[in-house]
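Being a predicted model, the structure only gives us computed values, none of them experimental. Excluded from the calculations below are hydrogen atoms, water molecules and symmetry mates; all remaining heavy atoms, backbone and side chain alike, are included.
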Amino acid sequence: MTARVYATKRNSIVSALSSKLKSIDGTGDFLTNVFENVEPRLSFWDEVTDFPAIHINAGQETREYQGGGYRDRFLTLTIRCYVNEENAQEALSALMEDVETVLETNSSLKYKDKLNVEHSTHQISLLSIDTDEGVLEPLGVGELQVEVRY
């Protein structure tokens, strides 16, 4: 079987990023310990039972065609963070800072395609951050919109 050069790698990228986010363990530069509670799928707050939690969803993917047959791919990811604590907004802020630390230190994220060939993303950019602003206390839900260029 030969590699499909122009096939999407969205599932592989989400899986690789999930693995990196599981390293948020409350030590070193990390403020939170997610106990490896990271899912490569999106859940709504009422479906989450273990806190803190991080869920990732692959969204829209676009292409930008360059000369010589080269094309850049842009994948939008939604990373949703969940906490359940007395001061939910403070805990949520710490968790989202940890996610941003992982994104910044892994901008050139290594991932493997379906044929187990290793690739790297070109860039991971944080587009926006949003929270529930305390409406769900003691629960807290935050969302990071990320663009992955590969």
Side-chain angles (χ1 to χ4, degrees), residues 7-66 70-114 116-150:
T8 182
K9 309 289 191 299
R10 59 194 296 123
N11 291 337
S12 299
I13 291 169
V14 168
S15 178
L17 184 56
S18 293
S19 294
K20 293 294 183 183
L21 289 169
K22 288 179 181 181
S23 70
I24 298 174
D25 62 2
T27 64
D29 291 333
F30 297 119
L31 306 170
T32 311
N33 185 351
V34 294
F35 309 104
E36 294 193 14
N37 194 12
V38 179
E39 295 289 331
R41 63 179 187 81
L42 196 58
S43 294
F44 295 101
W45 66 270
D46 59 339
E47 299 174 312
V48 179
T49 57
D50 296 321
F51 300 92
I54 300 171
H55 292 215
I56 307 168
N57 183 57
Q60 179 181 3
E61 187 170 345
T62 60
R63 307 281 193 273
E64 186 175 297
Y65 294 88
Q66 310 291 340
Y70 181 79
R71 52 188 85 157
D72 285 315
R73 294 163 185 81
F74 297 90
L75 173 62
T76 302
L77 299 178
T78 300
I79 302 173
R80 197 165 284 156
C81 300
Y82 304 91
V83 297
N84 186 358
E85 293 191 25
E86 188 174 312
N87 191 341
Q89 288 305 296
E90 188 175 307
L92 185 59
S93 178
L95 179 55
M96 293 173 77
E97 283 180 35
D98 288 342
V99 170
E100 191 169 358
T101 297
V102 169
L103 294 173
E104 289 190 9
T105 58
N106 292 282
S107 187
S108 182
L109 180 69
K110 293 187 184 321
Y111 63 93
K112 293 187 178 183
D113 65 16
K114 292 177 184 174
N116 211 27
V117 175
E118 189 172 88
H119 302 275
S120 295
T121 60
H122 299 297
Q123 181 177 340
I124 298 178
S125 302
L126 181 57
L127 302 177
S128 67
I129 298 174
D130 194 17
T131 72
D132 68 346
E133 299 300 329
V135 173
L136 301 173
E137 288 268 357
L139 298 173
V141 180
E143 190 173 276
L144 296 94
Q145 291 291 321
V146 175
E147 181 180 74
V148 179
R149 180 174 161 246
Y150 70 98

Trainee: Side chains of Asn106 and Leu17: closer than 4.5 Å at any heavy-atom pair?
Mentor: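 No, too far: nothing below the 4.5 Å cut-off.
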Trainee: Looking at Asp113 and Asn116, would you say the former's side chain and the latter's main chain have a donor-acceptor pair under 3.5 Å?
Mentor: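 Checked: pair present.
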Trainee: What's the spacing between Leu75 CG and Arg63 CZ if we round to 0.5 Å?
Mentor: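 Between Leu75 CG and Arg63 CZ, I get 9.0 Å after rounding to 0.5 Å.
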Trainee: Evaluate whether atom CD of Gln60 has more than 12 neighbouring non-hydrogen atoms of other residues, nucleotides or ligands under 6.0 angstrom away.
Mentor: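 It does not: Gln60 CD has 12 such atoms or fewer within range.
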Trainee: Below 4.5 Å, heavy atoms only, C-beta onward: do Thr131 and Val141 meet side chain to side chain?
Mentor: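 Not in contact.
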Trainee: For Phe74 and Val148, run side-chain contact (heavy atoms from CB on, under 4.5 Å): C-alpha distance rounded to whole Å, both residues' side-chain angles, the deciding distance at 0.1 Å, then the answer.
Mentor: CA-CA 6 Å; Phe74 297 90; Val148 179; over 6 Å; no
Trainee: In sequence, state the C-alpha distance, the side-chain angles, and the governing distance for Leu144 and Leu126, and then conclude on side-chain contact (heavy atoms from CB on, under 4.5 Å).
Mentor: CA-CA 7 Å; Leu144 296 94; Leu126 181 57; 3.7 Å; yes
Trainee: Find the distance between OG1 (Thr121) and OH (Tyr111) and round it off to the nearest 0.5 Å.
Mentor: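 One gets 7.0 Å once the value is rounded to the nearest 0.5 Å.
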Trainee: If you compare all heavy atoms of Cys81 against all heavy atoms of Leu95, which two are closest, and at what distance to 0.1 Å?
Mentor: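 Distance-wise, the nearest heavy atoms are CB-CD2, 3.6 Å.
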Trainee: Can you tell if the side chain of Ile124 reaches within under 4.5 Å of the side chain of Glu147, non-hydrogen atoms only?
Mentor: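 Side chain of Ile124 against side chain of Glu147, heavy atoms only: no contact under 4.5 Å found.
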Trainee: Indicate yes or no: at least one non-hydrogen side-chain atom of Leu139 is less than 4.5 angstrom from one of Tyr82.
Mentor: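 In short, these two side chains do not touch, never coming nearer than 4.5 Å.
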Trainee: As a test of understanding, state which of Asn57, Ile129, Leu103 forms a side chain to side chain contact (heavy atoms under 4.5 Å, CB included) with Ile79.
Mentor: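 That would be Leu103.
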Trainee: Taking salt bridge (Lys or Arg N to Asp or Glu O under 4.0 Å) as the definition, give me every residue that meets it alongside Asp72, ordered by chain and number, with sequence neighbours left out.
Mentor: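 Salt bridge (Lys or Arg N to Asp or Glu O under 4.0 Å) check on Asp72 returns Arg149.
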Trainee: Please tabulate, for side-chain N and O atoms in residues 20-30, each donor-acceptor pair with protein atoms closer than 3.5 Å (sequence neighbours left out).
Mentor:
unit_1 : atom_1 : unit_2 : atom_2 : d
Ser23  : OG     : Lys20  : O      : 2.6
Asp25  : OD1    : Thr27  : N      : 3.1
Asp25  : OD1    : Thr27  : OG1    : 2.7
Asp25  : OD2    : Thr27  : OG1    : 3.2

Trainee: On a heavy-atom basis, which atom in Ser12 and which in Lys112 lie closest, and how many Å separate them?
Mentor: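 That would be OG-O, 2.9 Å.
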Trainee: Should Ile54 and Glu39 be marked as a side-chain contact (heavy atoms from CB on, under 4.5 Å) after you check the CA-CA gap, both sets of side-chain angles, and the distance that decides it?
Mentor: CA-CA 6 Å; Ile54 300 171; Glu39 295 289 331; over 6 Å; no
Trainee: Measuring from atom NZ of Lys9 to atom OG of Ser15, what distance do you get when rounded to the nearest 0.5 angstrom?
Mentor: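 Atom-to-atom, Lys9:NZ and Ser15:OG are 14.5 Å apart.
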Trainee: Looking at Glu61 and Arg10, does any basic side-chain N land under 4.0 Å from a carboxylate oxygen?
Mentor: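 Salt bridge flag = yes for Arg10 with Glu61.
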Trainee: Do you know which two heavy atoms are closest between Ser120 and Ser108, and how far apart they sit?
Mentor: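 So the minimum-distance heavy-atom pair works out to CB-OG, 3.8 Å.
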Trainee: Between Val83 and Ala88, which heavy-atom pair has the shortest distance, and what is it?
Mentor: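 Reported closest heavy-atom pair: CG2-O, 3.5 Å.
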Trainee: Kindly say whether Thr101 contributes a backbone atom to a donor-acceptor pair with the side chain of Thr105 at under 3.5 angstrom?
Mentor: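 Side chain of Thr105 to backbone of Thr101, a donor-acceptor pair under 3.5 Å: yes, one is there.
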Trainee: Taking the ring of Tyr150 and the ring of His119, is the distance between their centroids below 6.0 Å?
Mentor: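 His119 vs Tyr150: aromatic centres not under 6.0 Å.
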Trainee: Report yes or no: does Ser18 contribute a side-chain atom to a donor-acceptor pair with the main-chain N or O of Val38 at less than 3.5 Å?
Mentor: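 Not confirmed, Ser18 side chain does not pair with Val38 backbone.
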Trainee: How close do Thr32 and Pro52 get, counting heavy atoms only, and between which atoms?
Mentor: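 Minimum heavy-atom contact is CG2-CG, 3.8 Å.
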Trainee: Any pair with a residue in residues 76-102 that passes salt bridge (Lys or Arg N to Asp or Glu O under 4.0 Å), sequence neighbours left out, goes on the list, sorted by first then second residue, please.
Mentor: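 Listed once each, the pairs are Arg80-Glu143.
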Trainee: If you define the side chain from C-beta out and look only at heavy atoms, does anything of Val146 sit under 4.5 Å from Leu127?
Mentor: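 Val146 does not reach Leu127 side chain to side chain.
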Trainee: At their closest point, which heavy atom of Ala58 faces which heavy atom of Leu77, and how far apart are they?
Mentor: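 Looks like CA-CD2, 3.7 Å.
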Trainee: Can a side-chain donor-acceptor contact be found between Asp132 and Gln89 if the only test is distance below 3.5 angstrom?
Mentor: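 Yes.
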